[in-house]
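Since this is a predicted model, take the numbers as computed values, not measurements.
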Amino acid sequence: ILWLLSDSAEVIFLLLIIPTDGKINCEGAALWKNISFRNGKVLRCGYTTGSCATAASKAAVIMLLTGERVETVRIDTPKGIVLDLEPLDVEMTPDYVSCAIRKDSGDDPDDTNGVLVYARAERTDGSGIELDGGVGVGRVTKPGLACAVGGPAINPTPRRMITQEVGKAMETAGYNGGMKLTISIPAGVEIAKKTFNPRLGIIGGLSVLGTSGIVEPMSEKALIETMYVEIRAQKARGNKNLLVFFGNYGEDFTRDEMKLDLEGHVTCSNFVGELLDYAVYCGFETLLLIGHSGKLVKVAQGVMNTHSKYADCRTELFALEAMFHGASVEVGREIYGCLTTDEVTKVLKREQIFEPVMDKVTEKIDFYMQHRVHGKIKTAALMFSNVYGILGKTKYADELIQLHKQKGV
C-alpha cells in the first residue's frame, strides 16, 4: 500500500483504474489525493468539455488523414489521467470529417452532462492549426476574459490540449499542411442561457472549459472559480466598486425595488469568505453585498460559507439580541424556534424591538466583513426580506448604494 501511494507510482496506478469506456472511477484515484465523498460513497469523476473537444478533434483529424474509422481515441489530460473515448455521430467525406464525444460529468451536477461536443476537421492551404467555434460555442464580446474579444470561448487549457493532441495525430500521419478545426456544442445554445456567460459577455453558447481535463465531483470549486472569473472581468473593465449578490433573490430585489444598475455585479453564492479575500487581492476599493436575511444573518456570526450544511444559525443571534433588548425568555425561545427569518421579523416587530435588534445584527455583519478584509476595502451590506423589504444596513451601505445609483445614470 505504501508503494502504491508513493509519488513514483501515482500515474501508473491511475492508468490502471481507467475503464475502457473512458469513465473515470475516482475510487482508485482518490487513494492519493482529491478524495470526494457523498452519502458515504466515493464519487465518480468525469471529463470536461475541453477534453471532449480535444478527443473529438483528434479523432476527426485521424479519420480525415487516414480515411479509416476510429473506434476509440486516446488523449492525455493535464491531470495526468489518460482517457479513451468513443467518437459518435461520425461523418466522413473527402473534404472534411466530423464527429462528437459525449460529455460525462461523473457524479458532479452539471447541465452539460450527456451533451455531444463536436469537432469538424478540414485541411487548409496554409500551415499550423486553426481553431474556431461553431454552433453552441459562445463568442467573447467583452474584455477581461482568458479568450480574445471576437473569438470563440475556448479557454487556454483546452486550446493547448487540442493543439498538442492534434499535432501528434498530424505528425503520426506525416501531414505537414494546415488544419482547421471547428468545435460545436449544439445543445449549448439553450444551456448557455442558464449560465453566467451572457453576463460575462459570452453570447450564443457555452465556454469550452477545463484546467485539468477532469471533472471532480462536487461543484463548490467550480462555483468559486466562476466567481473569480466574474471578479477579474470587472477589474479588467476598470470597475473599482463591486456590487455582489448571493443569487437571484438579491438580483431581483435590487433591480425591482432599489432600481440599481446591475451591469457590473458579481454572484458569490455561499462563498462570502472567498469573495472578500479575492476582492482584496484584486485591489477593489469598495464592496456592497446585498442579501436575504437568511444568508446575511450568518455573516453576523462570523460564518463565511453560508450553505446550510456548514451552518444553520439563523435564529440564534436574533433570539439572543432580542433578550438583550428586553424580550422575555419565552419570546427568545419563540424566536429560536422560528423556521424562517421572516417569522423572526414578525415576532421582533410584534414585540417592538425590531430596530434595535437589527442595528446590532448589522453592526456584527459590518464587524466580520471588515475583519475578513483587514480594513483594506470599504465594505457594506444590505439585508432584505421578500416580505418586509429592507431590514437593515451597515454603516456605509447608503454611501455605496448611492455610488451604484450614480453609476447607472
Side-chain angles (χ1 to χ4, degrees), residues 223-224 227 231 241-258 260 262 265-279 284 286-322 324-325 335-336 338-349 353-373 377-401 404:
L223 288 171
I224 293 171
M227 178 180 70
I231 293 173
N241 306 288
L242 280 180
L243 175 63
V244 186
F245 307 112
F246 289 96
N248 292 332
Y249 284 165
E251 294 179 30
D252 294 343
F253 180 84
T254 304
R255 180 185 58 251
D256 300 339
E257 304 296 329
M258 299 178 64
L260 290 191
L262 304 189
H265 79 273
V266 167
T267 301
C268 71
S269 186
N270 294 298
F271 309 106
V272 179
E274 286 82 358
L275 163 75
L276 296 172
D277 293 344
Y278 205 64
F284 285 88
T286 72
L287 185 152
L288 173 61
L289 176 60
I290 297 178
H292 190 275
S293 53
K295 292 287 188 182
L296 269 177
V297 70
K298 296 181 184 182
V299 179
Q301 295 167 93
V303 175
M304 290 291 158
N305 185 325
T306 59
H307 197 288
S308 58
K309 70 182 179 182
Y310 295 110
D312 188 8
C313 51
R314 293 167 295 166
T315 59
E316 285 86 342
L317 182 60
F318 281 126
L320 185 62
E321 290 295 342
F324 283 166
H325 287 86
I335 292 172
Y336 181 78
C338 287
L339 296 178
T340 68
T341 51
D342 283 338
E343 291 181 37
V344 171
T345 300
K346 182 179 180 180
V347 175
L348 293 175
K349 287 181 175 289
I353 54 174
F354 172 78
E355 285 79 11
V357 168
M358 196 57 62
D359 286 345
K360 293 301 294 184
V361 170
T362 53
E363 182 182 312
K364 286 287 189 180
I365 292 171
D366 183 60
F367 170 81
Y368 281 110
M369 289 181 72
Q370 276 298 299
H371 179 73
R372 185 74 180 219
V373 301
I377 297 180
K378 181 179 283 188
T379 58
L382 180 146
M383 180 186 291
F384 72 89
S385 157
N386 292 327
V387 175
Y388 294 99
I390 295 175
L391 302 180
K393 306 173 189 174
T394 61
K395 61 182 178 180
Y396 293 119
D398 284 328
E399 176 185 338
L400 298 194
I401 290 168
H404 288 282

May I ask you to decide if the ring planes of His371 and Phe367 are parallel, tilted or perpendicular, using 30° and 60° as cut-offs?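 His371 and Phe367: parallel rings.
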Just say parallel, tilted or perpendicular for the rings of His292 and Tyr249, cut-offs at 30° and 60°. tilted
How close do [X] and [Y] get, counting heavy atoms only, and between which atoms?
X	Y	result
Met304	Glu274	O-OE1, 4.4 Å
Leu317	Ala300	CD2-CB, 3.7 Å
Lys393	Asp398	NZ-OD1, 2.7 Å
His265	Phe245	CD2-CD1, 3.5 Å
Leu400	Lys378	CD1-O, 4.0 Å
Met383	Val297	CE-N, 3.8 Å

Ignoring hydrogens and angles, tell me if any N or O in the side chain of [X] forms a donor-acceptor pair with the backbone of [Y] under 3.5 Å.
X	Y	answer
Gln370	Ile377	yes
Thr394	Ala381	yes
Ser269	Phe271	no
Thr362	Asp359	yes
Lys298	Val303	no

Roughly how far, to the nearest 0.5 Å, is [atom2] of [Y] from [atom1] of [X]?
X	Y	atom1	atom2	value
Ile390	Glu257	CD1	CD	8.5 Å
Lys295	Thr341	NZ	OG1	11.0 Å
Leu382	Leu260	CG	CG	9.0 Å

Show your working on side chain to side chain contact (heavy atoms under 4.5 Å, CB included) between His325 and Lys360 and close with a plain yes or no. CA-CA 10 Å; His325 287 86; Lys360 293 301 294 184; 3.6 Å; yes
Do Glu343 and Lys346 sit within salt-bridge range, that is, some charged N less than 4.0 Å from a carboxylate O?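 No salt bridge links Glu343 with Lys346.
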Salt bridge Lys364-Glu321, side-chain N to carboxylate O under 4.0 Å: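 Answer for the salt bridge query: no.
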Evaluate Phe384 against Thr254 for side chain to side chain contact (heavy atoms under 4.5 Å, CB included), listing each step before the verdict. CA-CA 10 Å; Phe384 72 89; Thr254 304; 5.8 Å; no
Run Cys268 and Leu289 through side chain to side chain contact (heavy atoms under 4.5 Å, CB included) and show every step you take. CA-CA 9 Å; Cys268 71; Leu289 176 60; 4.3 Å; yes
Evaluate side chain to side chain contact (heavy atoms under 4.5 Å, CB included) for Val357 paired with Phe324, printing each intermediate quantity in order. CA-CA 9 Å; Val357 168; Phe324 283 166; over 6 Å; no
